[in-house]
2 protein chains.
Amino acid sequence: MSEENARRRVTVHDVARAAGVSLATVDRVLNGRPGVRAATAEKVDEAIARLGFSRDLNASLMARARDLRVSFFIPDSSNEFMDRLAEAVGARAAQASADRIHILTHRVRALDAGDLARALNGLAAQSCDCAVIVPSEEPEIIAAVDAATRRGIVVMTLVSDLPGSGRRHFIGIDNAAAGRTAASLLGRFLPQGGKVAVIAGSLHLRDHIERFEGFSGIAGGEFPLLCLVGPLEGHDEAEATESVVSALLARHPDLAGIYNLGAGNAGLVAALEKSGRARQVRVIAHELTAPTRAGLNSGAIDVVLDQNPDGEIREAIAAARTLALATARPVVTDPIEIGIFLRDNLR
Amino acid sequence: MSEENARRRVTVHDVARAAGVSLATVDRVLNGRPGVRAATAEKVDEAIARLGFSRDLNASLMARARDLRVSFFIPDSSNEFMDRLAEAVGARAAQASADRIHILTHRVRALDAGDLARALNGLAAQSCDCAVIVPSEEPEIIAAVDAATRRGIVVMTLVSDLPGSGRRHFIGIDNAAAGRTAASLLGRFLPQGGKVAVIAGSLHLRDHIERFEGFSGIAGGEFPLLCLVGPLEGHDEAEATESVVSALLARHPDLAGIYNLGAGNAGLVAALEKSGRARQVRVIAHELTAPTRAGLNSGAIDVVLDQNPDGEIREAIAAARTLALATARPVVTDPIEIGIFLRDNLR
DNA sequence: TAGGTCATGAGGCACGTACCTCATTTTTGG
DNA sequence: CCAAAAATGAGGTACGTGCCTCATGACCTA
């Protein structure tokens with residue numbers, strides 16, 4: 001029922017004995033140092049597998065002269081969500097430091113693939129073990145990721161994935177599921193049906209496309225009474241979003257719902273308030289930020305879908321720890337759940 | 001922008017030097033060993049505070065002969081949620097073991113305060129550093145918690161809190177917020193208003209009372225078109241819940257919504273299906289389990305509020321680590337968010 | 001003041017790994 | 001087959017803390 005016989009930890013000494021080699025050789029294999037014949041290395045690997053040896057990360061970090069260095073590259077001032085991400089990194093830094101993980105935050109120019117690529121290319125393996133980036137899907141960035149990987153830097157993607165690159169892990173939500181959830185909520189909010197508008201930041205962003213596809217799949221399939229308007233583009237920015245929404249409200253006096261799957265929510269709320277139709281239109285937006293919180297509290301926004309930046313950073317650091325020290329081990333990360341917030345469960 | 005000068009870690013050596021005492025004395029103070037005059041201990045404490053020393057938990061665990069031992073006491077077979085909790089504990093055990101935390105799971109008889117109290121009283125500080133319990137609010141249990149605390153065992157509460165006891169930390173959701181959220185969703189699902197029934201497991205359980213109060217506060221205050229029926233008691237059990245719901249549906253042919261804030265959801269779904277009114281009544285339930293998943297998939301249940309047992313266990317272990325080794329330090333835990341699940345964002 | 005108790009200091013070994021040096025063995029190429 | 005090169009072994013120190021022993025010094029009490 002409860003007590004397992006606590007058997008002794010498997011150490012490098014055991015591996016050395018089992019493989020019939022010395023500690024020094026095991027050490028060379030484990031840390032990828034040169035001077036080991038392939039046949040010998042294989043004996044060691046076999047012993048590691050047979051014994052189920054797994055290096056003690058804490059002892060390992062303690063023995064190293066330097067802490068594990070993890071660099072976060074967060075887009076700068078593009079929107080409040082990125083600021084939340086950067087704050088979350090800062091908040092975890094102290095705690096990580098106690099566990100011998102040294103966190104660096106770099107802000108890079110948003111929507112500037114060249115800037116991120118340059119930053120990655122400037123990273124030396126001597127000064128960084130793991131890089132965490134929020135990429136857009138550009139060949140320039142894929143190339144930089146692959147180059148960094150070849151230099152021995154573990155690269156992970158955050159929020160938005162970069163398939164086809166050498167990135168070792170992705171941490172973020174399932175954006176199609178987010179879109180489906182929005183549709184499903186709006187469908188239930190509007191049992192009589194009605195016109196529902198979708199606003200995206202840009203139809204060139206992977207996250208946004210996935211959200212839109214998830215939304216329209218469910219809205220079209222399960223809620224035939226809903227009538228889709230859009231998608232319109234608000235460019236993730238308050239002013240542009242406000243004018244788009246204002247025009248939208250003017251053109252459709254019977255608009256029943258809005259799903260803004262991008263940013264620019266301050267503009268969304270402003271347009272709703274100015275039209276006098278806030279609280280008459282059911283509204284779903286993304287990411288808990290100052291404008292969306294205000295919208296929830298005033299009732300202009302009904303639901304906010306959130307991707308929990310704190311949790312993302314926590315998992316990113318945990319994954320970095322595993323990846324950077326236990327290379328080639330499968331990484332298991334707690335999935336990031338889509339947070340659904342109403343005024344009533346605001347944190 | 002990025003690079004802080006990585007200053008050296010503050011160690012016990014620094015503390016000893018700063019306090020003008022020897023390493024041995026610092027060690028005695030840190031580990032509560034006897035043989036230190038109050039005045040000397042104070043010098044050490046002062047130096048610790050001045051230098052901002054914080055013991056290296058990993059080095060500490062490595063130096064100890066034994067791992068940190070954390071015992072979870074989970075109610076047995078009362079409902080599927082508790083099984084999920086126990087599973088989550090098991091799933092974390094391997095990972096925790098790599099960090100020198102030894103997890104034990106004990107199942108205790110559900111709804112049997114005496115059994116949990118006995119188990120706690122049988123715990124020796126020599127074999128357990130931290131106990132995590134899911135308590136009901138009984139004097140017997142409060143006494144056992146206090147006794148364990150006096151014996152030097154850190155006690156934490158999970159899912160349901162035990163204020164007024166010596167428990168060092170509580171990990172769980174805000175149940176009043178959960179109730180408010182349910183009301184707010186149902187209110188939006190039923191813009192025309194209608195009869196809404198509330199079913200609890202028992203009105204003697206703290207969680208359930210808090211959920212009901214949150215629900216009725218919002219339902220009565222913000223959605224005056226809703227008409228509350230109940231609360232009824234389903235005793236957290238499928239058969240009793242089924243008969244309660246069947247009677248409810250028979251008596252109210254115009255019932256528009258149901259909020260089951262307790263367990264027994266298999267009975268809830270069965271009653272809905274048998275009545276032929278599944279999918280006509282808006283239904284909100286608690287905890288993602290086999291019956292609620294089935295209900296979401298069939299459409300019998302619209303929304304499930306979930307308290308994320310995996311996250312709870314993760315935070316419990318993290319808190320145990322902090323509490324058991326860095327006594328008297330404020331514990332910071334990531335808040336457990338209320339998960340809101342529709343068919344469309346099921347994990 | 002002698003004998004005792006208590007407080008403190010000094011130092012060592014252990015935990016599991018990293019990383020270094022220096023011997024010694026094995027392999028390889030000509 | 002010999003010399004050079006490569007592979008391997010042996011063993012040390014370090015990381016920061018826990019825990020142990022032993023010696024020394026201070027203080028108290030009869």
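Letters A, B, ... are given to chains in the order of the sequence lines, protein chains preceding strands, and every chain is numbered from 1. Just so you know, these numbers use all the heavy atoms, side chains as well, and skip hydrogens, waters and symmetry mates.
- Take A:Phe73 and apply the ring pair (Phe, Tyr, Trp, His ring centres under 6.0 Å) test, not counting sequence neighbours, and it matches A:His106.
- In this structure, the nucleotide among D:dT8, D:dT17, C:dA18 sitting nearest to the side chain of B:Val12 is D:dT17.
- Contacts of A:Asn58 with the nucleic acid, taken as non-hydrogen atoms under 4.0 Å apart, are absent.
- In this structure a side-chain-to-backbone donor-acceptor pair under 3.5 Å is missing from A:Arg84 to A:Asn308.
- Regarding contacts with the backbone of C:dC15, every side-chain N or O of B:Arg100 stays at 4.0 angstrom or more from both OP1 and OP2.
- The base of C:dG9 sits with one of its N or O atoms less than 3.5 Å from a complementary donor or acceptor on the side chain of B:Arg28.
- Looking at B:Arg69 and B:Asp129, a side-chain N of the basic residue comes within less than 4.0 Å of a carboxylate O on the acidic one, giving a salt bridge.
- Of the residues near DNA chain C, B:Gly35 and B:Ala59, the one whose nearest nucleotide (by heavy atom distance) lies more toward the 5' end is B:Gly35.
- For the pair B:Arg66 and C:dC15, the criterion of a side-chain N or O lying under 4.0 Å from OP1 or OP2 is not met.
- The shortest heavy-atom contact between A:Gly166 and A:Asp146 is N-OD1, 2.7 Å.
- Donor-acceptor pairing under 3.5 Å is recorded for the side chains of A:Arg321 and A:Asn58.
- Side chain of A:Phe53, nearest nucleotide from D:dG18, C:dA10, C:dT17: C:dT17.
- Listed nucleotides D:dA7, D:dT17, C:dG9 differ in distance to B:Arg55; the shortest reach to its side chain belongs to D:dT17.
- Distances shown here put a side-chain N or O of A:Arg33 below 4.0 Å from the OP1 or OP2 atom of C:dC19.
- Checked against D:dT8, C:dG9, D:dT17, the side chain of B:Thr11 finds its nearest nucleotide in D:dT17.
- Between B:Thr25 and the phosphate of C:dG9, there is a side-chain N or O to OP1/OP2 separation shorter than 4.0 Å.
- A sub-4.0 Å separation between OP1 or OP2 of D:dG18 and a side-chain N or O of B:Ser60 is present.
- Following rounding to the nearest Å, B:Arg37 (CZ) and D:dA26 (C1') show an atom-to-atom distance of 8 Å.
- Rounded to whole angstrom, the span from the CD1 atom of A:Ile101 across to the P atom of D:dC15 amounts to 20 Å.
- Distance, B:Arg17 CZ to C:dG9 P: 14 Å, rounded to whole Å.
- By the 4.0 Å N-to-carboxylate-O rule, B:Asp115 lies too far from B:Arg107 to be salt-bridged with it.
- The distance from atom CG of A:Leu23 to atom P of C:dT17 is 10 Å, rounded to the nearest whole Å.
- Rounding to whole angstrom units, CG of residue A:Asp56 and P of D:dC15 are separated by 18 Å.
- What separates CG of B:Leu61 from P of D:dG18 is a distance of 9 Å, to the nearest Å.
- Between B:Arg64 and C:dC15 there is no side-chain N or O to OP1 or OP2 distance below 4.0 Å.
- At whole-Å resolution of the value, CG in B:Asp27 and C1' in C:dC13 are 14 Å apart.
- Atom CE of B:Met62 and atom P of D:dG16 are 11 Å apart (whole Å).
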